[in-house]
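Comments concern the structure below.
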Amino acid sequence: MIIAANFKTNMTRAQTAEYYTKVSGFITEKGISSEAMIFPPATAFNTFEGVLTVGAQNAFAVENGAYTGEIGLEQLDEFGIKTILVGHSERRHILGESQELIIEKFNYYKEKGFTIVYCIGEPIEVREEGNEALMNYLDDQFEGIDLEYEKLIIAYEPVWAIGTGVTPSEDDVELIHTALRQKTSRPLLYGGSVKTANAKELLALNNVDGALIGSGALNAEDFCTILSIAENITNNREGK
Ligand code: PGA
């Protein structure tokens, strides 16, 4: 499984370093087989030593240049970062990122060989229109995206479930992930209010290959708990 924590605009450099050490130590000690990733704010990037992958929440599709407030490939390279989130709903809806810009970022970082966690998800009004409208909306978010890129990970995150404590029903998550499975063979993460209390149910669903977690993973112990839950599910699936 793949378990990823998106810190968003939380955590300082010092807090991130402490978190990294705790979680990386836990993974080694317990022999966790899942791939664990964190996406700290760019101010907390560092050359960490351990087994936890560090990715960028965002970067512009350039090596460097005159793009005030942005970072590019050069700034990521300095820290050996080779993983990036693209298309997160907060960037689409709060920062106003268009599908064109998202495609540009996707293609640029794909060409640079990055692991890309590509986020999709519908707003509540689309969900209320029913399954067909929902799948059409997700299809539009796949426009221009190479769904068989070998380093692609998809995160399905309903906008109305992010940071709200509300999740779709387990049946709905399974239904959507099963529909997404027809479109790509790449790993499918679920995101939106995943926490220690619901991780077992959500991660055990068919075609759920992991989770992208925001507030529910801000605490290192909670992230470790979710990694243990994922480990048990993987072991059960493999009949261990
Ligand atoms: P949440 O955020 O877990 O706080 O709902 C998930 C995300 O935005 O990736």
Side-chain angles (χ1 to χ4, degrees), residues 1-11 15-16 19 23 34-42 44 52-59 81 83-97 102 105-106 109 114-124 126-127 134 137-138 141-142 145 152-170 172-173 176-177 180 186-205 208-230 233:
M1 284 211 189
I2 299 166
I3 308 294
N6 175 8
F7 291 178
K8 308 189 179 183
T9 318
N10 298 295
M11 309 278 270
Q15 287 168 335
T16 301
Y19 187 106
V23 176
S34 288
E35 190 177 352
M37 308 178 170
I38 58 169
F39 294 88
L52 189 51
T53 299
V54 176
Q57 293 175 23
N58 176 49
I81 290 174
T83 302
I84 187 166
L85 281 183
V86 175
H88 191 277
S89 84
E90 284 149 15
R91 296 212 58 89
R92 291 180 191 265
H93 298 291
I94 303 175
L95 283 308
E97 279 192 13
I102 289 168
K105 289 183 182 183
F106 182 92
Y109 286 100
F114 273 57
T115 295
I116 299 177
V117 180
Y118 184 70
C119 306
I120 55 168
E122 81 291 351
I124 190 68
V126 174
R127 161 66 56 136
L134 196 161
Y137 189 92
L138 300 183
Q141 293 184 320
F142 282 149
I145 302 299
L152 170 67
I153 298 165
I154 306 273
Y156 168 61
E157 304 197 295
V159 178
W160 51 276
I162 295 179
T164 57
V166 180
T167 59
S169 69
E170 287 160 28
D172 280 347
V173 173
I176 292 157
H177 277 241
L180 293 173
R186 303 302 306 145
L188 299 170
L189 314 186
Y190 168 77
S193 296
V194 177
K195 48 185 183 248
T196 53
N198 61 14
K200 189 171 167 210
E201 289 69 27
L202 289 164
L203 289 172
L205 297 172
V208 172
D209 305 310
L212 177 58
I213 314 164
S215 48
L218 283 178
N219 177 307
E221 282 75 31
D222 290 344
F223 192 62
C224 292
T225 302
I226 295 172
L227 284 171
S228 295
I229 292 170
I233 294 169

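Counting starts at 1 for both ligands and their atoms, in listed order. Residues take their numbers from the sequence shown, with the count starting at 1.
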Test of understanding: given a 4.0 Å heavy-atom threshold, classify the contact between [X] and ligand 1 as side chain, backbone, both, or neither.
X: E157; answer: side chain
X: N6; answer: side chain
X: A155; answer: neither

- Message: Checking side-chain contact (heavy atoms from CB on, under 4.5 Å) between M37 and each of L85, I3, T53, which is the one that passes?
- Response: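 Single side-chain contact (heavy atoms from CB on, under 4.5 Å) partner of M37 among L85, I3, T53: T53.
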- Looking only at N/O atoms, are G214 and ligand 1 under 3.5 Å apart anywhere?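 By distance alone, the answer is yes.
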- E221 and Y19 side chains, donor-acceptor separation under 3.5 Å: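 Short answer, no.
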Go through ligand 1 atom by atom and flag the ones less than 4.0 Å from a non-hydrogen atom of [X].
X: H88; value: 7 (C), 8 (O), 9 (O)
X: L212; value: 9 (O)
X: S215; value: 1 (P), 3 (O), 4 (O)
X: G192; value: 5 (O)
X: G163; value: 1 (P), 4 (O), 5 (O)
X: A161; value: 5 (O)

- State whether R127 and D172 are salt-bridged, where the test is any N-O pair (Lys NZ or Arg NE/NH1/NH2 against Asp/Glu carboxylate O) under 4.0 Å.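 Looking at R127 and D172, the cut-off is met.
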- Identify which one of K105, H88, R92 satisfies the side-chain hydrogen bond (donor to acceptor under 3.5 Å, both in side chains) criterion when paired with E97.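 One option only clears the test, and that one is K105.
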- For E201, enumerate each residue passing the side chain to side chain donor-acceptor pair (under 3.5 Å) test, keeping only those at least two apart in sequence or located in another chain.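 Counting only residues at least two positions away or on another chain, E201 forms no side chain to side chain donor-acceptor pair (under 3.5 Å).
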- Item | Sidechain-backbone polar pair: D222 side chain, N219 backbone, donor-acceptor under 3.5 Å |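 No, the answer is negative, given that no donor and acceptor are paired below the 3.5 Å cut-off.
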- Query: Any idea which protein heavy atom is nearest atom 2 (O) of ligand 1, and the distance to it?
  - Reply: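 Of every protein heavy atom, K8 NZ, 3.1 Å lies nearest to atom 2 (O) of ligand 1.
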- Message: Can you give me the closest heavy-atom contact between P123 and W160, atom names plus distance?
- Response: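 Distance-wise, the nearest heavy atoms are C-CD1, 3.9 Å.
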- Query: Of the non-hydrogen atoms in F106 and I116, which two are nearest, and what is the gap between them?
  - Reply: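 Scanning both residues, the minimum pair turns out to be O-CD1, 3.4 Å.
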